[in-house]
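A short write-up of the structure that comes next.
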2 protein chains.
Amino acid sequence: MVNQNEENLNEVFHALANDTRRDMIRMMAEEERTVSELAEPFDMSLAAISKHIKVLERANLIERIVNGRTHICRLKTESLSQATEWLHFYEKFWSKRFDLLESELMKAKRKEH
Amino acid sequence: MVNQNEENLNEVFHALANDTRRDMIRMMAEEERTVSELAEPFDMSLAAISKHIKVLERANLIERIVNGRTHICRLKTESLSQATEWLHFYEKFWSKRFDLLESELMKAKRKEH
DNA sequence: ATTTTGATTAACCATGTAGTTAAATATAAC
DNA sequence: GTTATATTTAACTACATGGTTAATCAAAAT
């Protein structure tokens with residue numbers, strides 16, 4: 001029922017709705033990281049970290065390069081920018097509405113004098 | 001542990017991670033809506049709609065004006081723009097990285113000749 | 001060849017989510 | 001004052017989430 005883009009937006013926003021995962025994104029934005037590097041700042045089992053990474057992967061927010069026994073995780077921009085676009089659409093809309101409201105107020109003010 | 005902004009970001013992104021709620025936001029972006037107006041397009045009980053509205057409210061994405069027995073729901077921009085800012089931060093970051101990469105490529109190219 | 005290391009998987013738990021139906025609440029209309 | 005309307009709340013279901021520990025797997029180091 002739900003189309004692919006919508007489905008991915010669901011997954012992207014869901015992935016972003018968690019501190020740990022947002023922190024991981026921040027870390028990977030600095031530079032690509034291995035799983036244990038990603039795990040290091042968190043007081044949490046590696047199994048839990050592994051699951052968080054999977055959520056990011058499922059949302060298509062990161063890619064994983066398997067390099068021997070270490071996995072390197074790297075941000076992908078596409079899904080993130082899709083989410084940004086969604087939000088941006090409404091941002092524009094609202095500023096437009098705000099401008100409109102403002103111009104109405106100005107008109108009203110001019111009439112007063 | 002988690003600060004208030006982080007907590008609200010969690011709730012905002014969680015609220016956005018659902019088609020029905022994103023559709024509702026689109027509807028309210030056009031104009032403010034009553035609960036039954038919001039419910040109309042969806043094949044879903046009013047109780048379910050009521051819960052979705054609560055999620056949006058908890059995320060501080062909307063406000064509700066109780067007007068007799070009807071409730072009017074209206075978007076609030078603050079939380080949304082907070083989320084937009086979060087995403088925007090990384091957008092900027094990536095374009096910067098992209099520019100950097102590009103300039104490295106240019107440098108390499110110049111050396112070739 | 002054995003052990004250590006980096007990471008995933010499985011099984012489990014408590015809690016949350018997204019929906020349902022039925023009952024309750026409060027206002028409006030007759 | 002009874003009925004109809006707009007909406008919420010409660011109790012329930014099925015499934016997802018975010019964590020745990022223990023077991024597994026594959027590559028690296030000894």
May I have the distance from [X] (atom [atom1]) to [N] (atom [atom2]), rounded to whole angstrom?
X	N	atom1	atom2	answer
N10(B)	dT17(D)	CG	P	15 Å
I65(A)	dA27(D)	CD1	P	17 Å
E11(B)	dT17(C)	CD	C1'	14 Å
D19(B)	dG19(C)	CG	C1'	14 Å
N67(B)	dT27(C)	CG	P	12 Å
F13(B)	dT17(C)	CZ	C1'	19 Å
R33(B)	dA6(D)	CZ	C1'	17 Å
E40(B)	dT7(D)	CD	P	13 Å

Using a cut-off of strictly less than 4.0 Å, decide whether [X] has a side-chain nitrogen or oxygen near OP1 or OP2 of [N].
X	N	result
H71(B)	dT8(D)	yes
H14(B)	dT17(C)	yes
S50(B)	dT8(D)	yes
S45(A)	dT20(D)	yes

Hydrophobic cluster (4.5 angstrom, side-chain heavy atoms) - remaining members for I65(B): I72(B)
Counting only side-chain heavy atoms from C-beta out, which of [options] sits nearest to [X]?
X	options	result
M44(A)	dA7(C), dG19(D), dG19(C)	dG19(D)
N18(B)	dG18(D), dA18(C), dT7(D)	dA18(C)
K51(B)	dA11(D), dA29(C), dT8(D)	dA11(D)
R58(A)	dA22(C), dG19(C), dT17(D)	dT17(D)
A47(B)	dA18(C), dA22(C), dT7(D)	dA22(C)
L46(A)	dA7(C), dT17(D), dT9(D)	dA7(C)

Describe the nucleic acid contact of T34(B) in one word from base, sugar-phosphate, nothing, applying a heavy-atom distance below 4.0 Å. sugar-phosphate
Examine distances only and state if a side-chain atom of S81(A) and a backbone atom of T84(A) form a donor-acceptor pair shorter than 3.5 Å. no
Indicate yes or no for a side-chain donor-acceptor contact from N60(A) to the backbone of E78(A) under 3.5 Å, with no hydrogens or angles considered. no
Working to the nearest 0.5 Å, report the span between CG of L46(A) and CG of L38(A). 10.0 Å
Nearest-nucleotide 5' precedence on DNA chain D, H52(A) against I72(B): I72(B)
Residue whose nearest DNA chain D nucleotide is more 5′ - R64(B) or A17(A): R64(B)
Which side-chain hydrogen bond (donor to acceptor under 3.5 Å, both in side chains) pairs, counting each pair once, include a residue from residues 44-55 of chain A, with sequence neighbours left out? R21(A)-H52(A)
Surrounding CD of E63(B) (heavy atoms of other residues, nucleotides or ligands, distance under 6.0 Å), is the total greater than 12? yes
Taking atom types as they are modelled, would you say the side chain of R69(B) forms a donor-acceptor pair with the base of dT7(D) within the 3.5 Å cutoff? no
